[in-house]
Amino acid sequence: MRLPFFAFFFLFFIVQVVSLHAQSEDEVSRLIRFRIESDEPMDKIEIRKISLLTTDEIINFYNNRTFKKAWSQNGLLTKAAYDLRLEILQSEFDGLTPEDYHLSMIESFFRTFEGNKANGVANEPGDLADFDIFLSDAFFHLARNLEIGKVDPSKFGKDWEIARKEPVHTFPALLEEALAKNDIHGSIELLYPKFSIYKEGRKVIKELVEKVKEDTLNWRKVKIDKAIHVGESNPVIPRLRERLIYWGLLEEYDFQDERLYDSVMMDGIKDFQGTHGLDIDGVIGRQTVLAFNDGPRQQLNKAIVNMERLRWLPDTVKNAEFILVNIANFQLDYLKNLDTLLTERVIVGKRYHESPIFMADMSYIVFSPYWNIPYSITQSEIIPSVRKNPNYISEKNMEVITPSGKLVDPSTINWNSKSFPYLVRQKPGEGNSLGLVKFMFPNKHNVYIHDTNAPSLFDLDDRARSHGCIRVRNPQDFAKALLADDPSWTMDRILTAMHQTQEQVVQLNRKIPVVLVYLTFWADTKGEAHFREDIYDRDEKVLLALKQNSLD
């Protein structure tokens, strides 16, 4: 049976269209291969005179898929392409810069393709090939920045000495899986730090971005000469009230004297103090006013910096047990199986004696410890004190020893000599500067956690007061928690061990990771934002590094 002429013509037309489409599809793949291949050695691949952000990932990804396009089908963009575009735009909420991921170029392609679609014009194979490579490159670069951070923390030297993480994921394989499952967002989420506070932090940044856009308040810095108590008047009160209302911590209300600090306003002050780690006493002191001077832009910058710090952190949640000290928050948390067993206030290094950022394993406890005084403190504090008071060594319950440990009579030493070939240590006792117990996690900084003979310092908001070590409040409770596996270590036995005339070293039956961090912002599991003073002025350096373009 012969086909009618029109049927034959129609069939011929369909075959030709399919053939042309296949040729077009092949052309896109051929052009992708052509763009990636080069006859000359090169550090970076260039597309349209723009250097790609990744090289190995791009080559491996397209080689493994025989240069098949990833982001278009039948000449049109896939849902995955639109999904990745959204992820790039929303990287702003990770504290990253969307423009770092070819956003301008990608957006220009989208405008072209959407215009072609509206006008019934086919997309050019060359445009589809270039777009494909740019989008894949953006995925790989964003993936790396999310998993290990955009900035290498080692560039900040002693500010952050925790080793930079290695990527867990192979990004080309991750992208193949994302495309197969048609789940770009799910693959991106896999790269977030495994702390619940990270996702909550993204929500806070999203809110702050909007606040920055809408902000019209005058954030001129406020200063006070002395603390303000309820019932007192002060010219800064109207501005503080205005800022409480702005942050949603106080509703607008009628008042007779705008300069009067009244009880209605005090409730908002207490809420504000709570989110800034201050004593919730309702007294407007220097630290409270200092926190009030940060507007939404300053808070956003602080959040951006600390989201990056979270990306630097090792995945401690994999450990069933660890100790976390947030220096900027003056707080120690002891966690086991993701439950916080103990939280205590700590005292950290004062400026110029800053507590370092690092990670080490706690392995033993020393009850009734000697304080082996660092040579720098001996030179700067002990020797000048002895020169003024020859009885200083005995009055402070100290002793002088040779490097081999032999006792030396202080009266036989020439304390005015330029050389001092001795060591000074303070004997166990109530006046010992280390207190009655120290918790040891050997490290090159000679930093450890210990008690103190000045417990009143724990009542201060600003607890940057030590020479670099970490002083913990209620050390007996900390010791009890660490020794909980051994029922023989009762509280009575711990207190007895803390009041001896000789040291007692107790080895722990396991090594417990201790992570010292510096976080001036985080969002808790309820989504509430917490901000802390940048006591060591470290945030600005990280912010500047984050603001640099990836190719700078």
Side-chain angles (χ1 to χ4, degrees), residues 32 36 44-45 52-71 78-98 100-103 106 132-155 160 162-202 205 304 306-319 322 338 359 513 515 546 550-551:
I32 289 174
I36 293 172
K44 290 184 178 293
I45 300 170
L52 296 188
L53 302 162
T54 64
T55 300
D56 291 343
E57 288 91 344
I58 284 291
I59 292 172
N60 292 337
F61 176 68
Y62 284 106
N63 271 336
N64 290 340
R65 61 190 288 119
T66 61
F67 303 99
K68 181 183 177 184
K69 66 208 175 320
W71 305 100
T78 61
K79 175 181 178 295
Y82 284 88
D83 289 346
L84 182 55
R85 175 203 202 182
L86 180 61
E87 294 298 328
I88 292 171
L89 288 167
Q90 294 193 343
S91 67
E92 179 180 17
F93 308 142
D94 295 280
L96 298 172
T97 305
D100 282 351
Y101 311 103
H102 302 307
L103 180 62
I106 289 168
D132 213 279
I133 295 171
F134 276 123
L135 209 56
S136 298
D137 188 47
F139 178 92
F140 298 140
H141 192 56
L142 177 60
R144 182 177 181 82
N145 288 174
L146 286 173
E147 186 167 30
I148 68 172
K150 175 182 175 180
V151 181
D152 183 351
S154 66
K155 73 180 296 180
W160 191 281
I162 299 175
R164 192 176 199 189
K165 295 187 297 187
E166 289 295 325
V168 173
H169 296 89
T170 303
F171 301 135
L174 182 68
L175 179 52
E176 286 287 8
E177 184 179 354
L179 293 170
K181 293 181 177 178
N182 198 19
D183 187 11
I184 297 297
H185 177 70
S187 295
I188 291 293
E189 275 199 329
L190 285 176
L191 301 163
Y192 293 165
K194 302 301 185 287
F195 309 102
S196 61
I197 59 174
Y198 185 84
K199 285 188 178 180
E200 297 299 332
R202 294 184 87 249
I205 288 182
I304 286 170
N306 288 278
M307 293 292 275
E308 176 75 354
R309 287 186 178 130
L310 286 177
R311 292 189 287 268
W312 292 345
L313 281 178
D315 193 4
T316 49
V317 294
K318 290 182 179 177
N319 296 302
F322 64 98
L338 299 184
M359 184 175 179
V515 186
L546 282 169
S550 298
L551 294 175

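Keep in mind it's a predicted model, so treat the numbers as computed, not measured.
Residues passing the ring-ring contact (aromatic ring centres under 6.0 Å, His included) test with Phe93: none are found, sequence neighbours excluded. In this structure Phe67 satisfies the ring-ring contact (aromatic ring centres under 6.0 Å, His included) test with no other residue, sequence neighbours excluded. Ser91 is linked by a side chain to side chain donor-acceptor pair (under 3.5 Å) to nothing, counting only residues two or more places apart in sequence or in another chain. Scanning for ring-ring contact (aromatic ring centres under 6.0 Å, His included) contacts around Phe171 gives an empty result, with sequence neighbours left out. Remark: Lys79 engages Asp83 in a salt bridge (Lys or Arg N to Asp or Glu O under 4.0 Å) (not counting sequence neighbours). With sequence neighbours left out, Glu176 forms a side chain to side chain donor-acceptor pair (under 3.5 Å) with Arg65. Considering only residues two or more places apart in sequence or on other chains, Phe140 meets the ring-ring contact (aromatic ring centres under 6.0 Å, His included) condition with Phe61. Residues that satisfy the side-chain contact (heavy atoms from CB on, under 4.5 Å) test with Thr97, not counting sequence neighbours, are Glu99, Asp100. With sequence neighbours left out, the side chain to side chain donor-acceptor pair (under 3.5 Å) criterion links Lys155 to no other residue. Shown here are the side chain to side chain donor-acceptor pair (under 3.5 Å) partners of Glu308, two or more places apart in sequence or in another chain: Arg311, Trp312. Residues passing the salt bridge (Lys or Arg N to Asp or Glu O under 4.0 Å) test with Arg144, sequence neighbours excluded: none.
Between Tyr192 and Tyr198, the ring planes are tilted. Angles from 30° to 60° get that label.
Residues Leu142 and Leu191 fail the side-chain proximity criterion, which asks for heavy atoms closer than 4.5 Å. Within the 4.5 Å cutoff, the side chain of Arg202 has heavy atoms near those of the Met307 side chain.
Residues Pro98 and Leu103 approach most closely at O-CB, 3.5 Å, considering heavy atoms.
Residue pairs meeting the salt bridge (Lys or Arg N to Asp or Glu O under 4.0 Å) criterion with at least one member in residues 179-190, sequence neighbours excluded: Glu177-Lys181, Glu189-Lys199.
Using modelled atom types, one side-chain atom of Asn60 and one backbone atom of Asp56 make a donor-acceptor pair closer than 3.5 Å.
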